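Everything below concerns the one structure shown next.
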Amino acid sequence: MTKLQETLTIRNNMIKNRIVMAPMVTFSFHGDNGSYYGKQHIEHYAERAKGGAGLIIVQATSVFGAVDAKNMWSTDNSTSLKQIVSNCHAYGATIMLQLSCGDMDINQLSTAEINSMQIDMKQAAISACQIGFNGVEYHFAHGFTLCKFLDTSYNRRTDQYGGNATNRTRVLTELLPEIRNNTHEKFIIAVRMGEYLPRSQDGIEVAKIFEKSGVDLLHISFGMYPPEYAVPESFKCSSITYSGCKIKKEVNIPVIAVNEIRTEEQVRFLIENDYVDFAGIGRGMLSDPEFANHIIKSEPVNQCFGCKECLWFTNHTMCPSKNK
Ligand SMILES: Cc1cc2nc3c(=O)[nH]c(=O)nc-3n(C[C@H](O)[C@H](O)[C@H](O)COP(=O)(O)O)c2cc1C
């Protein structure tokens with residue numbers, strides 16, 4: 001058995017291998033009876049769980065409405081999410097939900113507006129736990145609302161949510177004790193973030209604060225922008241993936257690296273060399289639901305074509321990989 005198939009336990013959840021399905025909104029899916037989630041989503045995630053993914057991170061889901069059980073948190077949506085969870089569990093996958101706070105200008109938010117958002121952030125985690133998810137991942141990446149708090153060049157706030165790294169992470173860290181008090185012992189709390197914020201030392205500092213405050217798992221993608229540095233020639237993956245490897249050296253909690261990891265050689269390079277704990281696979285999981293099993297068994301994968309604009313953003317039925 002290779003390292004790829006070694007289990008890794010986080011808060012007593014045994015993750016069966018080192019391949020993670022990255023969160024990806026399925027833009028052209030539709031729910032049932034006017035709800036957001038439905039049969040298409042249920043099948044989509046079950047196929048990837050059946051395909052061997054050790055950990056599945058379900059797509060960005062807005063926290064707004066969590067307090068009133070509205071929007072993404074309506075009974076119909078929760079029913080579909082429960083089904084997604086139980087199918088993935090039946091195939092042996094660990095499953096988390098990514099929580100997003102949309103795309104607001106944090107410099108324009110009043111402290112009261114931030115506090116109101118935090119109430120939804122907290123409740124969304126508690127609701128995800130009640131639905132049966134093994135954990136949540138807060139979306140602090142890709143330039144969205146939470147990401148803007150972390151970036152030193154973007155965040156110009158002068159209250160307790162701006163300035164030093166302790167303040168820039170506070171939007172989540174101050175919620176953690178209450179989330180822990182209202183979820184069970186095994187509930188995983190993860191953060192997806194960048195390392196280049198906009199300097200590596202900013203990302204490292206933030207990662208260490210999240211670790212210290214009790215975050216269980218870090219998923220390193222990019223922040224406001226992809227990193228601008230060159231990676232060593234011997235490194236077989238992208239600069240964003242390299243970011244994950246840099247953070248891994250600085251913290252003691254597990255780290256997922258992601259971005260353009262498409263081949264068995266790349267997955268094994270990252271995992272067998274202990275550069276990171278998990279390989280996060282995005283589009284590769286869209287083009288091949290069996291990506292994880294294929295890589296583990298050294299079988300060919302149904303390759304993602306790497307289209308300039310991924311068709312899954314607009315109409316997944318046009319994905320050339322799906323149709324080849
Ligand atoms: C259709 C699509 C939807 C995505 N949705 C999300 C999302 O909901 N949350 C997120 O953090 N990243 C999202 N991403 C980014 C992926 O999680 C991943 O980081 C990115 O695709 C790079 O990995 P890859 O090269 O393996 O695809 C999305 C990407 C795609 C292609």
Side-chain angles (χ1 to χ4, degrees), residues 18-29 36-37 40-41 44-45 48 51 53 55-63 72 81 84 95-103 124 128 135-148 150 190-196 217-227 236-244 255-267 269-270 276 278-289 291-292 294-295 301-322:
R18 306 306 183 88
I19 300 183
V20 173
M21 178 181 179
M24 284 171 291
V25 173
T26 45
F27 291 94
S28 46
F29 283 11
Y36 185 82
Y37 289 114
Q40 268 189 309
H41 301 86
H44 178 72
Y45 288 105
R48 274 80 193 163
L55 170 63
I56 290 182
I57 306 173
V58 169
Q59 62 197 84
T61 296
S62 172
V63 299
M72 299 296 215
L81 289 171
I84 289 174
I95 178 163
M96 298 174 46
L97 180 65
Q98 189 184 55
L99 298 179
S100 155
C101 294
D103 190 12
V136 287
E137 174 183 272
Y138 285 97
H139 192 353
F140 275 87
H142 306 165
F144 292 109
T145 306
L146 295 178
C147 180
K148 291 171 182 158
L150 301 185
V191 163
R192 193 176 213 204
M193 57 174 275
E195 168 257 346
Y196 190 70
L217 169 69
L218 291 173
H219 187 173
I220 308 300
S221 181
F222 65 90
M224 301 301 293
Y225 315 98
K236 296 181 196 305
C237 304
S238 73
S239 60
I240 296 173
T241 313
Y242 192 66
S243 278
V255 173
I256 307 171
V258 68
N259 193 255
E260 292 182 0
I261 305 171
R262 299 219 168 98
T263 64
E264 179 184 345
E265 188 194 5
Q266 288 175 316
V267 174
F269 169 74
L270 292 167
V276 277
F278 294 101
I281 312 298
R283 288 162 291 176
M285 284 272 178
L286 299 178
S287 58
D288 189 351
F291 185 94
H294 285 155
I295 295 287
V301 297
N302 192 25
Q303 280 287 341
C304 163
F305 281 62
C307 300
K308 197 154 179 258
E309 183 67 25
C310 176
L311 273 304
W312 282 77
F313 281 109
T314 44
N315 182 357
H316 69 282
T317 63
M318 302 296 283
C319 172
S321 186
K322 207 174 159 77

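Values in this document were obtained by computation on a predicted structure and should not be read as measured data. Counting starts at 1 for both ligands and their atoms, following the listed order.
- Across Arg192, Glu309, Arg262, heavy-atom proximity to atom 10 (C) of ligand 1 is greatest for Arg192.
- Contact between Gly282 and Met24 at its shortest, heavy atoms only, is O-CE, 3.1 Å.
- Listed by atom number, the atoms of ligand 1 under 4.0 Å from Ala22 heavy atoms are 17 (O).
- Closest to atom 23 (O) of ligand 1 by heavy atom, among Ile261, Leu286, Asn259, is Asn259.
- In terms of polar-atom proximity, defined here as any N/O pair under 3.5 Å, Ala60 does make such a contact with ligand 1.
- Sparse packing is recorded around OH of Tyr225, with 12 or fewer heavy atoms of other residues, nucleotides or ligands lying under 6.0 Å away.
- Close contacts of ligand 1 with Arg283, meaning ligand atoms under 4.0 Å from a residue heavy atom, involve 21 (O), 24 (P), 25 (O), 26 (O), 27 (O), 31 (C).
- No donor-acceptor contact under 3.5 angstrom links the side chains of Thr26 and His316, judged on distance only.
- Closest to atom 30 (C) of ligand 1 among all protein heavy atoms lies Phe313 CZ, 3.4 Å.
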Practice task
Please test Cys319 against Trp312 for side chain to side chain contact (heavy atoms under 4.5 Å, CB included), starting from the C-alpha separation and ending with a verdict.
Solution key: CA-CA 7 Å; Cys319 172; Trp312 282 77; 3.5 Å; yes
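- Among protein heavy atoms, atom 26 (O) of ligand 1 sits closest to Gly282 N, 2.8 Å.
- In terms of protein heavy-atom proximity, atom 9 (N) of ligand 1 is nearest to Gln98 OE1, 2.7 Å.
- Counting heavy atoms only, Val25 comes closest to atom 8 (O) of ligand 1 of the residues Val20, Thr241, Val25.
- Close approach of ligand 1 to Trp312 is summarised as follows: ligand atoms under 4.0 Å from at least one heavy atom of the residue are 1 (C).
- At least one side-chain heavy atom of Gln303 sits under 4.5 Å from a side-chain heavy atom of Thr263.
- At a threshold of 4.5 Å between non-hydrogen side-chain atoms, the residues Lys148 and Asp103 count as touching.
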Practice task
Could you go through the side chain to side chain contact (heavy atoms under 4.5 Å, CB included) check for Phe278 and Leu217 one step at a time?
Solution key: CA-CA 10 Å; Phe278 294 101; Leu217 169 69; 4.2 Å; yes
Handout entry: side chain to side chain contact (heavy atoms under 4.5 Å, CB included) between Ser28 and Thr314, worked out
Key = CA-CA 6 Å; Ser28 46; Thr314 44; over 6 Å; no
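- Scanning the protein heavy atoms around atom 4 (C) of ligand 1, the nearest turns out to be Met24 CA, 3.4 Å.
- Looking at Tyr37 and Thr61, their side chains do bring a donor and an acceptor atom within 3.5 Å of each other.
- Distance check on atom 16 (C) of ligand 1: some protein heavy atom falls below the 4.0 Å cut-off.
- For a threshold of 3.5 Å applied to N or O pairs, the pair formed by Glu260 and ligand 1 contains at least one separation below that value.
- The protein atom (non-hydrogen) at minimum distance from atom 13 (C) of ligand 1 is Pro23 O, 3.1 Å.
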